[in-house]
Amino acid sequence: KKLLNRQTVIKRNTWLRNRLLFGSNVRADVATLKSLKRADTGYEAAKILGCSPNAAYRNWKDLEEAGWGAAVYKPA
C-alpha cells in the first residue's frame, strides 16, 4: 500500500515538481536550488549539482529572465 498519493508527493516535493515541469535535466535541478534559496548564483548551483558552470549559469539566467526568482510557483 502506498503511504502518500502522487498528488501529495508532487505538492510537497519541490524537486519532483520541477522535474515534472522541466523534465529530468539540469534546468529542473537549478530551478529547485533557486526556488529553495540553496544557491545565490549559477556558479554556486553548479558547485552543488556537480555540473558544468556554463550549463548552470545559462539555466540560472534563463530562469531569471522568465521571472522564476520573482514569483515561484507555490502549491496550494
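All values below come from the heavy atoms of this structure, side chains included, with hydrogens, waters and symmetry mates left out.
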Separation between CG (Leu33) and CD1 (Ile48), nearest 0.5 Å, reads 5.0 Å
Give a yes or no on whether Leu36 and Trp60 share a hydrophobic cluster (residues Ile, Leu, Val, Met, Phe, Trp, Tyr; joining criterion: side-chain heavy atoms under 4.5 Å apart). no
So ring pair (Phe, Tyr, Trp, His ring centres under 6.0 Å) across residues 26-54, not counting sequence neighbours, yields none
What one should report as the nearest heavy-atom pair of Ala46 and Pro53 is CB-CA, 3.6 Å
Is it the case that Thr32 and Asp29 place a side-chain donor and acceptor less than 3.5 Å from each other? no
Under a side-chain separation threshold of 4.5 Å, the hydrophobic residues clustered together with Tyr57 are none
Hits for salt bridge (Lys or Arg N to Asp or Glu O under 4.0 Å) against Asp62, two or more places apart or cross-chain, chain-then-number order -> Arg27
d(Leu49 CG, Arg38 CZ) to nearest 0.5 Å is 11.5 Å
Nearest heavy-atom contact between Arg19 and Ser24 is NH1-CB, 3.0 Å
>> With a 3.5 Å distance limit and no angle check, can you tell me whether Asn59 reaches the backbone of Ala55 through a side-chain donor-acceptor pair?
In response: yes
Expected output: side-chain Ser35 to main-chain Ala31 donor-acceptor under 3.5 Å: yes
When every non-hydrogen atom of Ala45 is compared with those of Val30, the smallest separation belongs to CB-CG2, 4.5 Å
Residue pairs passing the ring pair (Phe, Tyr, Trp, His ring centres under 6.0 Å) test with at least one member in residues 11-40, sequence neighbours excluded, are Phe22-Trp68
Residue set satisfying side chain to side chain donor-acceptor pair (under 3.5 Å) with Thr41, at least two apart, ordered chain then number -> none
Sorted by chain and number, sequence neighbours left out, salt bridge (Lys or Arg N to Asp or Glu O under 4.0 Å) with Lys61 holds for Glu64
Nearest heavy-atom approach of Ala28 to Gly23 is CB-O, 3.3 Å
d(Asn13 CG, Leu20 CG) to nearest 0.5 Å is 9.5 Å
